[in-house]
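What follows is a set of notes on a single structure, which appears directly below.
This is a predicted model, so every value here is computed, not measured. All values below were derived from every heavy atom in this structure, side-chain atoms included, with hydrogens, water molecules and symmetry-related copies excluded.
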Amino acid sequence: MTESDSKAPVEKEESSFRKITVEPVIFCYAFGIILHVPVIQQYIHKRVAENKGVVYNTTASLSNCDSIPIPKKEETLKIQKEVQSEASFMQLGMVFSASAPSLLVALFLGAWSDRAGRRRVMGLPIVGSAIESAIILWVINFNLPIEMLLLAGFINGVCGFFPTMVLSMFSYIADITEESQRAFRLGILEATAFISGMLSHLSSGWLINKTGYTAPYIIILSLHSFALVYVVLKLPESRAKHLMENSTVKVFSLQHIRVIIHIFTNPRSGQLRWRMCLLMLASGLMIVSSIGFGSVIVLYAIDRPLCCNSILIGYYLATSFFVQAVGAVLGLKFLRIVLSEVALMQAGIISVICSLVMMAFAKTKTHLFIVPLAACLGGIPTPIIRAMMSKMVNSDEQGALFAAVATLETLCTLFGAALFNSIYPLFVHAGLNGFCFLVMATLMLAALILTE
């Protein structure tokens, strides 16, 4: 055995380790914001219920349907619907407070990252999320008015929030990968987010049940702090030094807007341009549906006939994330051998449509936990769409492209939250709680048609 042969396994191991770049960041950040969603929704529901004189239940032995000790059924149902409606509108306010300012911030930061580097842009939303978590801890521990949550969301939005993290992450991967491997590496990021989501949801219900609402936000703050340290001290910059050193473009410059517009007006190819626009529109419809699902699923599961408590909600969401993570990795690794990217993307969209239709008619907890199996390919369409668009632009336009994508996603987030948090209370009062999921399925069907 030669010396070079003995070094080969070590070199291979080091090469595999070097492939780990932004995955720890997305794991910690996604764990935090995914844990935040069901916890803050249930905390808002609790505060609204208490304001109406309801003794809110967080124990594992009882469902939230049993939390209103009022003898008259009609009055009980009336108060439950009022709590559902007010909690839904408060959640809508939180989404708007974070998403609206992030819309403008992401628009500038994406193109700026092409010149100033990805790490600076990546660190900003982590700082914002950490500040938000600290403010929420303050509200919880001192029982401050829940309107303070809007301030926390606004600060997070000014720092870029999730759209800026998305554009920096995907631009980073586009910088360091070959086109042939881009969809798979983006799929790995998607799966990493799903796995972190699974773990956060597994712990969310248990943490609420055993410790209340403080412990989840201590965990969130700790994870975001670790992610920030990793970005500052460990993560290498993906942009060339000479591009960054020669850059004098300011953050808030109209030049960034012109670069983004140029992506869609550049006569590189009329077919490519229209294809990119259709992919963005399809992606937007998928985001509206996804945000709608996230906005109402906790309220839907808490209410009759499912009557889930916090632990069951956590288990359901964890199951959903785990199934989609496995489906995304295996699908992008093996199914693309026999299916084209477009066919695989369409299979993923169909998978989501089937799950939404099933959810609309879920009447038992068993039925609820079967739904994620239908959505097993639901994590595939997004990385494929982003990889396809990334291949349509030059290397120095990746940040601008994903800034445009992030801006669209933010607009769709606002629209999706506004739409479904507005219509869900109407469906609740009409006794059609599950109808929202049929609306989401229709949007996904439209996205499917656009990908033909």
Which heavy atom in I26 sits nearest to a heavy atom in M169, and how many Å separate them? N-CE, 3.5 Å
I need the L223 CG to I220 CD1 distance, nearest 0.5 Å. 8.0 Å
Should the ring pair W138 and F142 be called parallel, tilted or perpendicular, given that the plane angle runs from 0 to 90° and is split at 30 and 60? perpendicular
Reported CZ-to-CZ distance for the pair F161 and F154, which is rounded to 0.5 angstrom: 13.5 Å
Is the closest side-chain heavy-atom distance between M122 and L235 below 4.5 Å? yes
If the condition is side-chain hydrogen bond (donor to acceptor under 3.5 Å, both in side chains), which residues does T442 pass it with, not counting sequence neighbours? none
When rounded to the nearest 0.5 angstrom, what distance separates CD1 in I34 from OG in S200? 5.0 Å
Nearest heavy-atom pair of S283 and I385: which atoms, and what distance? CB-CG2, 4.2 Å
Less than 4.5 Å apart, side chain to side chain, heavy atoms only: is that true for L377 and M345? no
Output yes when a side-chain donor or acceptor of S99 lies under 3.5 Å from a complementary backbone atom of F96, and no otherwise. no
Side chains of S102 and P163, heavy atoms from C-beta outward: is any pair under 4.5 Å? yes
Tell me whether K365 contacts the main-chain N or O of L306 through its side chain, where contact means a donor paired with an acceptor under 3.5 Å. yes
Taking everything shown except F435 itself, do over 12 heavy atoms lie less than 6.0 Å from its CZ? no
Side-chain contact, heavy-atom cut-off 4.5 Å: Y315 with C308? no
Are the side chain of E50 and the backbone of V48 linked by a donor-acceptor contact shorter than 3.5 Å? no
Assess whether atom CZ of F226 is packed by more than 12 heavy atoms of other residues, nucleotides or ligands within 6.0 Å. no
Mark yes or no for whether Q346, through its side chain, and T451, through its backbone, hold a donor-acceptor pair below 3.5 Å. yes
Nearest heavy atoms of A328 and I380, plus distance in Å: CA-CG1, 3.8 Å
Sequence neighbours excluded, every pair satisfying side-chain hydrogen bond (donor to acceptor under 3.5 Å, both in side chains) that has a member inside residues 148-167: S129-N156, E132-N156
Between the OG atom in S203 and the CE atom in M198, the distance rounded to the nearest 0.5 Å is 10.0 Å
Without hydrogens or angle criteria, can the side chains of T177 and R185 be said to hold a donor-acceptor pair below 3.5 Å? no
Aromatic ring proximity, centroids under 6.0 angstrom, H367 and F361: no
Return the orientation label for the F194 and F321 ring planes: parallel under 30°, perpendicular over 60°, tilted otherwise. perpendicular
Which pairs, with at least one residue in residues 165-175 and sequence neighbours excluded, count as a salt bridge (charged side-chain N to carboxylate O under 4.0 Å, His left out)? R118-D175, D175-R239
Could you check whether any side-chain heavy atom of V326 comes within less than 4.5 Å of a side-chain heavy atom of F322, counting everything from C-beta outward? yes
In short, L186 meets I173 closest at the heavy-atom pair CD2-CG2, 3.8 Å
One pair to check against side-chain contact (heavy atoms from CB on, under 4.5 Å): M440 and C436. What are the steps and the verdict? CA-CA 6 Å; M440 298 171 202; C436 272; 4.1 Å; yes
Side-chain contact test, heavy atoms from C-beta onward, threshold under 4.5 Å: evaluate it for F420 versus I291 and give yes or no. no
Any side-chain heavy atom of T214 within less than 4.5 Å of one from T211? no
Using only atom types and a distance under 3.5 Å, with no angle test, would you say the side chain of R119 pairs donor to acceptor with the backbone of V231? yes
So, taking the atom named CG in L144 and the one named CD1 in I135, what distance separates them when rounded to the nearest 0.5 Å? 10.5 Å
When rounded to the nearest 0.5 Å, the distance separating CG of L408 from CE of M280 is 4.5 Å
Quick check: do V352 and M286 have side-chain heavy atoms less than 4.5 Å from each other? no
Report the C-alpha distance between L149 and I40 in whole Å, list the side-chain angles of each, state the deciding distance to 0.1 Å, and finish with yes or no for side-chain contact (heavy atoms from CB on, under 4.5 Å). CA-CA 9 Å; L149 299 177; I40 201 63; 3.9 Å; yes
Is the backbone N or O of L167 less than 3.5 Å from a side-chain atom of S171, with the two atoms forming a donor-acceptor pair by type? yes
Taking all heavy atoms of C412 and all of I287, pick out the closest pair and write down the distance. CB-CG2, 3.6 Å
Ignoring hydrogens and angles, tell me if any N or O in the side chain of Y300 forms a donor-acceptor pair with the backbone of M359 under 3.5 Å. yes
Taking everything shown except F415 itself, do over 12 heavy atoms lie less than 6.0 Å from its CZ? no
Exactly one of R47, K46, Q41 should register a side chain to side chain donor-acceptor pair (under 3.5 Å) with Y43. Which one does? R47
If you take all heavy atoms of I126 and A227, which pair is closest and at what distance? CD1-CB, 4.0 Å
Please walk me through it: do Y217 and I140 pass side-chain contact (heavy atoms from CB on, under 4.5 Å)? CA-CA 10 Å; Y217 281 99; I140 293 172; 3.8 Å; yes
Hey, mind stepping through F170 and V405 against side-chain contact (heavy atoms from CB on, under 4.5 Å) and telling me if it holds? CA-CA 10 Å; F170 289 113; V405 172; over 6 Å; no
